[in-house]
Amino acid sequence: MSTVVLCQSKSCPNGNPPSRLECPTCNKIGIRGSFFCGQECFKADCKYIFKTHKIVHEIAKNGGNVSFNDGCYNPFPNYPFTGTMRPMYPLSQTRVVPDHITRPEYAVSGIPLSESRRAGQPPRILSKEEQEKMRTVCRLSREVLDTAASHIRPGITTDELDEIVHNATIERNAYPSPLNYRHFPKSVCISVNEVICHGIPDRRKLQEGDIVNIDVSVFYDGYHGDLNETYPVGKIDEESAKLLRVARQCLDEGIKVCKPGALFRDIGKVIEPLARSNGCSTVRTYTGHGVNDLFHCTPNIPHYAKNKAVGTMKPGMVFTIEPMINLGPNWGDVHWPDNWTATTVDGRRSAQFEDTLLITETGVEILTAKTQPERLLS
């Protein structure tokens, strides 16, 4: 008798009942758990996950040990993961952005051509009108992040959080900046536990004791806002709680450096010693960045000491600070075969906090701060 499992079709009209109809190719090559309740679901699901389902077949033919778990599978079964996190495919379908919403140039092609054309140019000084647009988009970005954060709980999937971010963004007549940026497939980056950054939302459910970073970016009226925070999922252990505190402190201390005439390289000079004194390390691969009508541009903001960042802060410049802090002394990172997900090399946890900042005549304005009284530092 065939094994009875739930129909794995994402769009099953019957409520995913116990099913016995098995994908014949999966059965032939030894993939376990690929069941559907009927031909309609099987054909629809194969069309929906055409790329990934065919990839699974190829993985198995090449010696990979693939199995389905409640319709999910790890597409990289032979990859030497450094920690406990695993991708849970298939990914959901690309979410739709209504036609009336203004899109960034890469929304269709996936290629941010303007970023390439302006690479290496000095940081832009935004006009007063542009600064107001940045205030607006950063306020919207904060609203979207806080909306998503309010839904964090054990049992919710990162894909469900992606849907919440997507819907909250388009409700504000804005575009989710990550969507198709350099072909990123989702509307938000969600990074759990040892994932440092650029985690792709999928079917994995958050678990009690996880930590999760939600990195929201919104495009509105021609400008991008960018921020992220790391949150506990239920009750977390003290080591993880300390990591979150240190990561938040690193961002706060970096912001205190910011004012007209300050050097970009001095931000890392205060962040790395703070991280090291608390038994943590600062990721060097990724930096803060300029953000305005471009998603990523100059200046580059390294978060470690003795960096070679060029430039001086001037009123009207807008950029992010976003230190990624790892537990332990190892600041290195490795990438999953999806070419996006970056994780710690030792499988220990990583946390990050990010704000978008405007240099003013007297100090710095935190454009993505939670409340108005917290916005101005001078």
Side-chain angles (χ1 to χ4, degrees), residues 101-107 112 114-115 117-119 121-148 165 168-179 181 187-189 214-229 251-252 254-262 264 267 287-301 311-322 353-378:
I101 290 177
T102 302
R103 291 153 164 74
E105 64 169 351
Y106 56 79
S114 294
E115 290 187 6
R117 285 194 292 265
R118 282 161 50 181
Q121 294 184 7
R124 285 190 58 211
I125 305 296
L126 301 190
S127 67
K128 295 298 183 182
E129 180 182 0
E130 290 176 312
Q131 292 175 33
E132 281 303 314
K133 290 186 176 184
M134 287 301 301
R135 289 187 179 95
T136 298
V137 72
C138 285
R139 173 179 55 80
L140 297 177
S141 301
R142 165 55 70 179
E143 291 174 0
V144 171
L145 177 61
D146 289 348
T147 298
V165 167
T169 302
I170 63 175
E171 284 169 7
R172 289 161 173 79
N173 289 313
Y175 181 93
S177 300
L179 187 60
Y181 177 79
S187 297
V188 65
C189 297
I214 302 180
D215 192 344
V216 165
S217 305
V218 166
F219 180 75
Y220 180 80
D221 197 17
Y223 289 78
H224 298 269
D226 195 5
L227 78 162
N228 72 60
E229 293 190 6
L251 173 59
D252 292 342
I255 292 173
K256 290 179 183 178
V257 172
C258 298
K259 61 182 179 181
F264 292 118
I267 294 173
T287 68
H289 56 89
V291 58
N292 40 61
D293 59 321
L294 300 183
F295 193 2
H296 298 91
C297 55
T298 55
N300 288 327
I301 313 292
T312 301
M313 300 177 201
K314 299 177 182 178
M317 289 182 176
V318 176
F319 55 88
T320 71
I321 300 178
E322 46 186 298
F353 291 82
E354 173 188 22
D355 274 314
T356 296
L357 311 169
L358 166 67
I359 300 300
T360 67
E361 295 291 341
T362 58
V364 60
E365 182 176 349
I366 307 173
L367 299 178
T368 46
K370 281 191 175 183
T371 58
Q372 188 69 26
E374 296 176 337
R375 293 172 68 94
L376 296 174
L377 295 178
S378 59

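Only a predicted model underlies this, so the values are computations on that prediction, with no experimental measurement involved. Computation of the quantities below employed the complete heavy-atom set of this structure, encompassing side-chain atoms and omitting hydrogens, waters and symmetry-equivalent molecules.
Taking Glu143 as the reference, Arg139, Leu140, Arg172 meet the side-chain contact (heavy atoms from CB on, under 4.5 Å) condition, with sequence neighbours excluded. Ser114 meets the side-chain hydrogen bond (donor to acceptor under 3.5 Å, both in side chains) test with Glu105, Arg117; sequence neighbours excluded. Residues that satisfy the side-chain hydrogen bond (donor to acceptor under 3.5 Å, both in side chains) test with Ser177, not counting sequence neighbours, are His224.
Shown here for Asn292 and Cys297, the closest heavy-atom pair between the two residues is ND2-SG, 3.5 Å. Summarising the geometry of Val137 relative to Tyr223, their closest heavy-atom pair is CG2-O, 3.3 Å, with the distance given to 0.1 Å. Scanning all heavy atoms of the two residues, the minimum distance from Met313 to Ile359 falls at SD-CD1, 3.8 Å. A pairwise comparison of heavy atoms in Ser141 and Val216 identifies O-CG1, 3.7 Å as the closest pair. The minimum heavy-atom distance between Phe319 and Ile267, with the atom names listed, is CE1-CD1, 4.3 Å. Across every non-hydrogen atom of Pro123 and Met317, the tightest pair is CB-CE, 3.8 Å.
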Could you go through the side-chain contact (heavy atoms from CB on, under 4.5 Å) check for Phe219 and Thr102 one step at a time?
-> CA-CA 8 Å; Phe219 180 75; Thr102 302; 4.2 Å; yes
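To the nearest 0.5 Å, atom OG1 of residue Thr169 and atom CG of residue Leu145 are 10.5 Å apart. Remark: Asp293 CG to Glu115 CD distance equals 9.5 Å, nearest 0.5 Å. With rounding to the nearest 0.5 angstrom, the SG atom of Cys138 is 9.0 Å from the CG atom of Asp355. Of the inter-residue distances, the one linking Ile255 atom CD1 with Ile366 atom CD1 reads 4.0 Å to the nearest 0.5 angstrom. Taking NZ from Lys370 and CD from Glu229, the interatomic distance works out to 5.0 Å, rounded to the nearest 0.5 Å. Atom OG1 in Thr368 sits 12.5 Å away from atom CZ in Phe353 (nearest 0.5 Å).
Ion pairing between a basic and an acidic side chain is recognised when a charged N comes within 4.0 Å of a carboxylate O; Lys133 and Glu130 show no such pairing.
Formation of a donor-acceptor pair under 3.5 Å by the Glu365 side chain with backbone atoms of Leu358 is not found in this model.
None of Leu179, Thr147, Ile170, Val188 except one satisfies the side-chain contact (heavy atoms from CB on, under 4.5 Å) rule with Val165; the exception is Val188.
In this structure, the side chains of Arg135 and Glu132 come closer than 4.5 Å at one or more pairs of heavy atoms. Put simply, the side chain of Ile321 reaches to within 4.5 Å of the side chain of Cys258, judged on heavy atoms. Proximity of Pro112 to Phe295: side-chain heavy atoms (C-beta onward) are nowhere separated by under 4.5 Å.
Counting heavy-atom neighbours within 6.0 Å of Glu129 CD, excluding the residue itself, gives a total of 12 or less.
Between the side chains of Thr356 and Asp226, not a single donor N or O lies within less than 3.5 Å of an accepting N or O.
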